[in-house]
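Structure first, commentary second.
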Amino acid sequence: MSQVAAVEAVLRSEFGGALGDPPLDPHEDLLARGVIDSFGLIGLIAALERSFGIHIADEDVVPEHFQNLEQLAAFVTAKQAGAGAPSDARSDS
Amino acid sequence: MDLSFTPEQEALKQEALAFARRALADDLIARDRESEFSRDLWEKCAAFGIQGSAFPAEYGGGDADIISVMRLMEGLGQGCKDSGLLFALTGQMWTVQMPILRFGTEEQKERYLPRLCSGESIGAHGMTEPGSGSDAFSMRTTARLDGDDYVLNGSKTFSTSAPIADVFIVFATVDRSRGFMGVTAFIVDRDTPGLEVGREIEKMGLRTAPMAELFFDDCRVPVANRLGREGNGATIFGEAVEWERACILASVVGAMERQLDACIAYANTREQFDRPIGKFQAIANKIADMKVRLETARLIVYNAGWAKKSGGKAAVESAIAKLYVSECWQKSCMDAVQIHGGYGYTTDFEVERDLRDSVAATLYSGTSEIQRNIIARYLGL
């Protein structure tokens, strides 16, 4: 299973019917569509951490990681690789 | 499972209790009537080390762990009857200082934290808007990047300590299409052009904690004053209220113990039908229920504290604590008035003030309904 498909499976486990029929367009804006809301985010982060063995820091919870499936999969891959994702980029503008 | 506190944590509570009884007792009935904040008591708390307790020594703090801070706040809540003061104090600690510590740049920490810890500065939090309360992230206040500044426009309401604050943590959206992930946090100094602190809001309880609206009219905030990254505001807010929910209630647990002691003393001395009223089951059972609420509330509050200490994230534990303790506090306040009978309804006996103050507990930092939503969502509902 590709990383995109694996992340989509986690998304579907958390948000179910809100995502429509599979497969999800990897570029579809999940924030603009309101698929990921502030309540659901807590569960999504816990599910991603559990499923992929990663730790998602509060500083990582930014739109560029959660906007669409492709970005989310890339973020998870970076975390698994120990890249630390851009949690240390907090002073960027 | 060991539920005991360390000798140091126990000593901290006793020291805070003694300090509060000695230094924080003033003419609270008059100040409550006049909705008057006490800067003097605020500075005494800072000198004792309250505001800095949970923060690193390098910023003027006391370096205490969360359980020790909660124990400190419990002692303070037991000894200090001014719930408004404690509400303002904890609001600053968890929704102003902690976000700066957790998400601020080194420059931001050095600039703001020492003065907030020492009591020289007072901080306030601006999240709620006239049109967005429980649906907090549907905010209308915007932040538009323009050169080296963000330009803020909009308004905030229910900002505790706003009338006396020197610095504000303000949330605004940089892109409404991103929903809650457009929300961004800013540190705004009081003298920033375009920021106006509005009228003081009169309220039912917590009257010694002043509250006001905030208005932003092309208010230019330097990029250097953005807290965290663009779109990170919802997470910053979420973490702040987690701390607040877990810790603000520690002082309420202390207040519940003070209230229980007062009710027992009254029930043992007030006589009707030739007996102390505590000998009647109708009164004794109420007091027994208050004791059960106190003990269960304490367990559930420290459970949230332990979750924060061990894992960092404690959204559900904090929501459970907020929901349970605030509702216990209200019920016990009602019982306290009833136990005191007609005298309980009078200002001089000071139990009616606790009841008025307690009503806010199921509203601030997320209503009871929102806490239930968080818990239900966690359960997959």
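Labels below follow one simple rule: chain letters A, B, ... track the order of the sequence lines, proteins then strands, and each chain is numbered from 1.
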- Item | Contact class of A:Ile36 relative to chain B, heavy atoms under 4.5 angstrom |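 Its backbone and side chain both get close to chain B.
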- Side chain, backbone, both or neither: which part of A:Asp29 has a non-hydrogen atom closer than 4.5 Å to chain B?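 Neither part.
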- Message: Give the interface residues of residues 177-189 of chain B toward chain A, defined by a heavy-atom separation under 4.5 Å.
- Response: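 From residues 177-189 of chain B, the residues near chain A are B:Ser177, B:Arg178, B:Phe180, B:Met181.
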- Can you label the angle between the A:Phe75 ring and the A:Phe66 ring as parallel, tilted or perpendicular, going by 30° and 60°?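 It falls in the tilted class, 30° to 60°.
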Tell me whether the count of non-hydrogen atoms from other residues, nucleotides or ligands lying under 6.0 Å of [atom1] in [X] goes above 12.
X: A:Phe15; atom1: CZ; result: yes
X: A:Arg12; atom1: CZ; result: yes
X: B:Glu110; atom1: CD; result: yes

- Using non-hydrogen atoms and a 4.5 Å limit, figure out which bit of B:Ala315 sits close to chain A: side chain, backbone, both or neither.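 Side chain only.
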- Message: Side chains of B:Thr95 and B:Glu244: any donor to acceptor distance under 3.5 Å?
- Response: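 No donor-acceptor contact under 3.5 Å links the two side chains.
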- Item | B:Ser121 side chain to B:Arg115 side chain, donor-acceptor N/O pair below 3.5 angstrom |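 There is such a pair between these side chains.
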- Quick one: are A:Leu31 and A:Pro63 in side-chain contact, heavy atoms under 4.5 Å?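 The answer is yes; the side chains approach within 4.5 Å.
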